[in-house]
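Reckoned from all heavy atoms, side chains included, excluding hydrogens, waters and symmetry mates.
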Amino acid sequence: MSKIEEIFSAGIDIGTTTTTVVVSKLKIKNVASGFVVPKIEIIDKVIIYRSDVHFTPLLDEVTIDFDGIEKIVKEEYKRAQVNPEEIKTGAVIITGDTARKDNAENVLKAISRMAGSFVVATAGPHLEAYIAGLGSGAAAYSAQEHKVVANADVGGGTSNISVFKDGKLITTLCADIGGRLIRFEPWTYKVQGFINGGEITSKHLGITLEKGKILSQREILKIGAALAEALISILKGKPNNLARELALGELVEDIVPEYVMFSGGVGRLIYDEEDIADADSMTRFGDLGPALAIEVKKAIHSDSIKLLKPAETIYATVIGAGVHTTELSGSTIYVSDPDVLPFRDLPAIYLTATDDFDAVTSEIIAKADKFSAQDTLIMPAIVISKAFGNSFYKIKGLTQAIAAAARKVTQKGPLVIICEDDIGKAFGNLLKNGLNKPRPVISIDQLTMKEGDYIDIGKPLYDGGVVPVVIKTLVFSNS
């Protein structure tokens with residue numbers, strides 16, 4: 001009977017308004033029977049701990065409080081009764097307006113390294129949209145019911161929409177629509193601050209924003225209504241003028257979901273049964289959140305949008321980060337030197353030349369400098385598509401072409417090969433033997449990546465038979 005190995009995974013979401021942590025337990029097992037090639041899969045994912053919802057600590061308007069974030073993570077790990085050394089995979093994601101803070105990138109990398117051996121750093125609204133759609137249950141519902149389902153994760157700084165068809169992501173749509181676009185002194189209508197999206201929306205309505213100004217309830221609801229209409233127009237594939245001004249990237253206009261879920265802090269309020277329209281509690285959170293939720297509710301009702309309740313609202317992104325980001329490569333991997341792992345944020349190049357091995361060499365050389373990160377000794381990961389086939393002649397020819405390219409490029413570190421077909425071990429062995437100078441070779445398989453994607457590869461698990469990987473596509477489209 002195949003053994004079951006258990007590993008801990010962490011998800012950490014540092015959002016515009018709130019920071020949350022989840023810890024999950026993943027069970028890994030060889031699911032192949034008899035004497036066939038092993039097939040190691042994640043057979044179960046169980047959330048064992050959810051943190052409290054913390055306000056994201058900031059030093060000032062443009063700087064994240066790293067010490068404050070670190071304290072939250074350490075305290076929540078302690079409550080979860082796990083040590084960072086026990087966390088083998090997962091993701092830290094900086095979301096919403098927090099991702100634009102001056103020190104966001106440094107904080108993200110530092111937290112990912114203290115959070116566990118392979119807790120990867122992720123950022124960007126399009127990736128956040130995808131992760132939230134996994135965590136909310138939109139992807140799963142779409143797969144089960146064979147429907148086109150959108151998840152709109154409406155948080156403090158942004159609304160990040162992911163659209164799934166038969167469980168597969170077909171597009172992401174993002175805009176500066178969120179509860180913290182304007183901040184108030186809690187329980188008052190006095191403006192405490194605002195960010196770009198709040199200023200754009202107010203100008204669109206002819207409302208002047210100034211710190212210390214007292215807005216009327218009517219003005220606050222008017223701003224909430226404008227943002228709600230912009231959001232609904234995006235979901236309907238017909239973005240209005242304000243939506244276009246608030247958009248982050250391209251807004252696709254030819255995809256209309258059959259069902260919509262809402263997640264995030266504001267998303268939770270949309271399903272809230274309490275009277276969030278009460279004038280005395282409109283700004284109880286010190287922001288536009290309740291007003292935006294009220295107006296989204298009205299817009300949904302008047303538009304007859306088919307609304308679904310998600311499995312998760314405020315925890316959707318952090319659960320997506322901690323439970324759904326990690327995949328396992330195939331069971332026929334080749335890792336010549338496990339000590340060089342983990343790798344993080346390694347860009348991928350996709351080979352298009354298929355019949356001419358000299359052309360393969362030239363393509364790798366041309367793309368190596370273009371796609372390599374600065375100041376790195378590691379070449380981009382080379383993706384070998386199924387189109388190449390898996391004959392011995394093809395595999396040997398490709399390894400010789402890659403070895404020839406490796407002799408000519410400036411990067412002298414490890415070679416990372418991603419095989420879509422189940423040929424990782426054979427490919428790695430042949431490539432290692434074909435190199436004229438020793439260098440580490442990592443060859444993993446049964447993964448699909450596009451050129452420009454990034455991959456994180458962790459240390460081998462399950463007696464070296466599998467490695468955890470996270471593939472990050474920073475911009476999604478219809479293609």
Side-chain angles (χ1 to χ4, degrees), residues 28 30-42 326-338 340-343 346-364 367-368 371 378-407 413-436 438-451 453-471:
I28 302 171
N30 177 11
V31 297
S33 59
F35 298 100
V36 299
V37 174
K39 182 175 177 57
I40 300 169
E41 292 183 354
I42 298 173
T326 301
E327 299 179 44
L328 296 179
S329 84
S331 304
T332 54
I333 65 171
Y334 179 85
V335 181
S336 68
D337 185 359
V340 302
L341 294 172
F343 291 145
L346 189 64
I349 58 175
Y350 194 93
L351 296 185
T352 57
T354 57
D355 299 320
D356 184 340
F357 295 136
D358 288 337
V360 170
T361 298
S362 299
E363 184 178 5
I364 293 170
K367 290 180 176 178
F371 284 90
I378 305 175
M379 281 179 59
I382 300 170
V383 182
I384 310 295
S385 76
K386 284 188 176 182
F388 283 96
N390 56 14
S391 69
F392 180 78
Y393 167 77
K394 275 282 191 177
I395 295 174
K396 187 173 182 180
L398 278 170
T399 60
Q400 290 173 342
I402 293 171
R407 290 192 289 270
L415 292 174
V416 179
I417 310 298
I418 311 296
C419 304
E420 290 185 345
D421 217 340
D422 191 11
I423 56 173
K425 187 179 287 291
F427 204 100
N429 269 306
L430 282 171
L431 179 57
K432 182 69 176 177
N433 292 333
L435 295 171
N436 64 336
R439 63 196 292 177
V441 172
I442 313 296
S443 179
I444 59 180
D445 56 22
Q446 298 182 60
L447 298 174
T448 300
M449 293 184 69
K450 300 190 297 294
E451 190 159 281
D453 284 356
Y454 289 79
I455 188 168
D456 301 291
I457 308 173
K459 287 186 175 294
L461 303 170
Y462 208 86
D463 297 329
V466 69
V467 288
V469 298
V470 175
I471 296 171

Criterion side-chain contact (heavy atoms from CB on, under 4.5 Å) on Ile442 and Tyr334, from CA distance to verdict: CA-CA 6 Å; Ile442 313 296; Tyr334 179 85; over 6 Å; no
Intermediate values then yes/no, side-chain contact (heavy atoms from CB on, under 4.5 Å), Glu451 and Val383: CA-CA 8 Å; Glu451 190 159 281; Val383 182; over 6 Å; no
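At a threshold of 4.5 Å between non-hydrogen side-chain atoms, the residues Ile382 and Ile402 count as touching. With a 4.5 Å cut-off on side-chain heavy atoms, Ile471 and Tyr454 do not count as touching. When side chains are defined from C-beta on, Val416 counts as touching Leu346, because their heavy atoms get closer than 4.5 Å. The shortest side-chain heavy-atom distance between Val441 and Phe427 does not fall under the 4.5 Å cut-off. Side-chain contact between Pro468 and Leu461 is present, with at least one heavy-atom pair separated by less than 4.5 Å. Looking at Ile444 and Val469, their side chains come closer than 4.5 Å, going by heavy atoms from C-beta outward. Inter-residue side-chain proximity for Ile364 and Leu351 is flagged as met; some heavy-atom pair is nearer than 4.5 Å. The shortest side-chain heavy-atom distance between Met449 and Ile455 falls under the 4.5 Å cut-off.
Note: Ile395 CD1 to Gln400 CD = 12.0 Å, rounded to the nearest 0.5 Å. The distance from atom CG of Asp453 to atom CD1 of Ile349, rounded to the nearest 0.5 Å, is 13.0 Å. Residue Leu415 holds its CG atom at 10.0 Å from OG of Ser443, rounded to the nearest 0.5 Å. Rounded to the nearest 0.5 Å, atoms CD1 (Ile417) and CG (Leu430) are 12.0 Å apart.
Leu431 pairs in a side-chain contact (heavy atoms from CB on, under 4.5 Å) with only one of the listed residues (Asn433, Asn429, Leu435), which is Leu435.
What you find for Gln446 and Asp422 is that their closest heavy atoms are NE2-OD1, 3.2 Å. The shortest non-hydrogen separation linking Gly424 to Cys419 is CA-SG, 4.3 Å. Taking every heavy atom of both residues into account, Leu341 and Pro460 meet most closely at CD1-CD, 3.9 Å. Across all non-hydrogen atoms, the minimal contact from Val335 to Ile333 is CG2-CD1, 4.0 Å. Between Met379 and Ala368 the shortest heavy-atom distance is CE-CB, 4.5 Å. Residues Ser385 and Tyr350 approach most closely at CB-OH, 2.8 Å, considering heavy atoms.
A donor-acceptor distance shorter than 3.5 angstrom exists from the side chain of Asp356 to the backbone of Asp358, with no hydrogens or angles considered. When atom types are taken as modelled, the side chain of Glu420 and the backbone of Asp445 share no donor-acceptor pair closer than 3.5 angstrom. Distance alone, capped at 3.5 Å, places no donor-acceptor pair between the Arg439 side chain and the Pro414 backbone.
Within 6.0 Å of the NZ atom in Lys459, the count of heavy atoms belonging to other residues, nucleotides or ligands exceeds 12.
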